[in-house]
Amino acid sequence: MWCDLIMISLVGGLLALDRTAAFQVMISRPIVAGPIIGLLLGRLEVGLAMGALTELIYLGRPPLGGYLPPNDTLAAVIAAGAVILAWPEIELDRARVTLGFLLVPPLARMASVVDNQARRANGFLAGKAWTSVSQGQSWLIPYLNLTGLAIYFGLVSLYLLVMTWWAARLLAFLHPRLPAFSLSALKTMYVIIPLIGVAAILGALHGRKNMLIFLLVALMALALSLP
């Protein structure tokens with residue numbers, strides 16, 4: 001399990017860099033990050049389901065400018081990894097996936113605290129960069145930039161390691177103790193959540209390209225919800 005946790009934390013940390021720190025080729029979106037984690041752990045279907053559900057809920061809240069939304073990337077990675085680690089031998093189960101998805105909002109909100117701390121560190125490094133330029137030491141700037149990336153990667157990877165371990169244990173503890181009616185409700189929620197995502201982002205979509213992306217994600221989520 002610890003080997004899988006370390007792999008999730010390192011790969012998830014690299015994916016998180018794409019969010020705002022580097023690359024920015026959209027591999028940090030939950031619809032991509034979730035399946036990558038599922039594929040690495042041998043459970044692609046769980047990663048696809050978790051990524052699609054998370055994408056639908058957070059599609060209309062990108063990290064633009066100074067706005068710091070909940071980190072849906074880290075939440076999707078943790079939730080997908082936790083569901084797979086909690087039940088490694090069980091095929092896609094809608095109740096278990098939904099139970100894991102219920103952890104996404106608090107995990108995403110807590111992850112934004114990690115983002116905020118990383119931005120504080122980058123602010124300090126930016127000040128050092130200005131000082132180095134004024135002192136004729138501009139050669140330090142690339143190293144300060146890499147230091148910022150390393151700090152963010154380290155913070156995110158540590159968060160992923162701790163929270164994935166905690167979430168997997170929590171899910172494994174909760175599921176067998178839930179009454180039968182709640183498991184039935186979780187299976188129903190698996191179908192309803194995509195509709196909630198539709199309501200959450202439909203008003204934020206403008207233009208044909210955005211609508212096409214939304215429809216593709218919605219169709220994937222609905223297809224995964226079919227028996």
Side-chain angles (χ1 to χ4, degrees), residues 1-2 4-5 7-9 12 29-61 70-111 159-202 214 216-227:
M1 178 177 179
W2 282 104
D4 290 333
L5 283 170
M7 179 175 63
I8 291 170
S9 65
R29 294 306 308 167
I31 193 63
V32 180
I36 288 176
I37 296 301
L39 184 63
L40 290 175
L41 296 177
R43 298 291 301 281
L44 177 60
E45 72 284 0
V46 175
L48 281 169
M50 193 65 69
L53 293 175
T54 306
E55 185 74 38
L56 274 172
I57 297 300
Y58 290 99
L59 184 59
R61 305 177 71 180
N71 195 316
D72 50 358
T73 305
L74 300 186
V77 168
I78 294 170
V83 170
I84 296 170
L85 293 180
W87 304 288
E89 305 300 328
I90 298 178
E91 297 298 325
L92 179 66
D93 179 80
R94 288 188 285 183
R96 288 178 169 86
V97 171
T98 305
L99 185 62
F101 177 78
L102 293 179
L103 298 178
V104 166
L107 288 171
R109 180 59 64 181
M110 287 188 291
Y159 177 78
L160 288 171
L161 180 68
V162 174
M163 298 309 295
T164 304
W165 173 82
W166 172 82
R169 291 177 61 89
L170 179 64
L171 293 176
F173 174 81
L174 286 178
H175 186 269
R177 291 166 174 79
L178 294 175
F181 75 87
S182 63
L183 295 177
S184 178
L186 288 172
K187 292 180 180 179
T188 303
M189 287 178 63
Y190 185 84
V191 181
I192 294 175
I193 288 171
L195 302 179
I196 298 175
V198 171
I201 66 173
L202 193 56
F214 164 72
L216 290 174
V217 174
L219 288 174
M220 180 179 292
L222 291 173
L224 289 168
S225 69
L226 295 176

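Keep in mind that the numbers below use all heavy atoms, side chains included, and drop hydrogens, waters and symmetry copies.
- For A52 against I31, the heavy-atom pair with the smallest separation is CA-CD1, 3.5 Å.
- Looking at every heavy atom in both residues, Y159 comes nearest to L107 through OH-O, 2.8 Å.
- Shown here for E89 and R43, the closest heavy-atom pair between the two residues is N-NH1, 4.4 Å.
- In this structure, R94 and V191 have side chains that are in contact, with non-hydrogen atoms separated by less than 4.5 Å.
- Applying the salt bridge (charged side-chain N to carboxylate O under 4.0 Å, His left out) rule to D4 yields no partners; only residues at least two apart in sequence or on another chain are considered.
- Side chains of D93 and W87 form no contact here, defined as non-hydrogen atoms less than 4.5 Å apart.
- Annotation: side chain of V77 is in contact with side chain of I8 (closest heavy-atom distance under 4.5 Å).
- Contact detail for A86 and A168: the closest heavy-atom pair is CB-O, 3.6 Å.
- Within the 4.5 Å cutoff, side-chain heavy atoms of L85 are placed close to those of T164.
- Note that the CG atom of L53 and the CG atom of L48 stand 10.5 Å from one another [nearest 0.5 Å].
- The structure places CD1 of I193 at 10.5 Å from OG1 of T188, a figure rounded to the nearest 0.5 Å.
- A 4.5 Å side-chain heavy-atom check between V97 and M50 finds at least one atom pair inside the cut-off.
- One distance of note links CG of L186 with CD1 of I192; it measures 11.0 Å at 0.5 Å rounding.
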Derivation and outcome, side chain to side chain contact (heavy atoms under 4.5 Å, CB included), residues L74 and L160: CA-CA 7 Å; L74 300 186; L160 288 171; 3.9 Å; yes
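- Minimum interatomic distance between A80 and G47 (heavy atoms only, all atoms of both residues): CB-CA, 4.4 Å.
- Residues L103 and I78 are not in side-chain contact: their nearest non-hydrogen atoms beyond the backbone lie 4.5 Å or more apart.
- Remark: I36 CD1 to L41 CG distance equals 12.0 Å, nearest 0.5 Å.
- You'll find the side chain of M110 stays beyond 4.5 Å of the side chain of N71, heavy atoms only.
- Shown here for P105 and Y58, the closest heavy-atom pair between the two residues is CA-OH, 3.3 Å.
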Residue pair I37, M7: steps toward the side chain to side chain contact (heavy atoms under 4.5 Å, CB included) verdict: CA-CA 9 Å; I37 296 301; M7 179 175 63; over 6 Å; no
Counting only pairs under 3.5 Å, give me each side-chain donor-acceptor contact of residues 171-182, with atom names and distances, residues two or more places apart or in other chains.
unit_1, atom_1, unit_2, atom_2, d
R177, NH1, F173, O, 2.7
S182, OG, P179, O, 2.6

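- A heavy-atom distance below 4.5 Å is found between the side chains of M189 and L102.
- When atom types are taken as modelled, the side chain of S9 and the backbone of L161 share no donor-acceptor pair closer than 3.5 angstrom.
- Put simply, CD on E45 and CG on L39 are 10.5 Å apart, with the number rounded to the nearest 0.5 Å.
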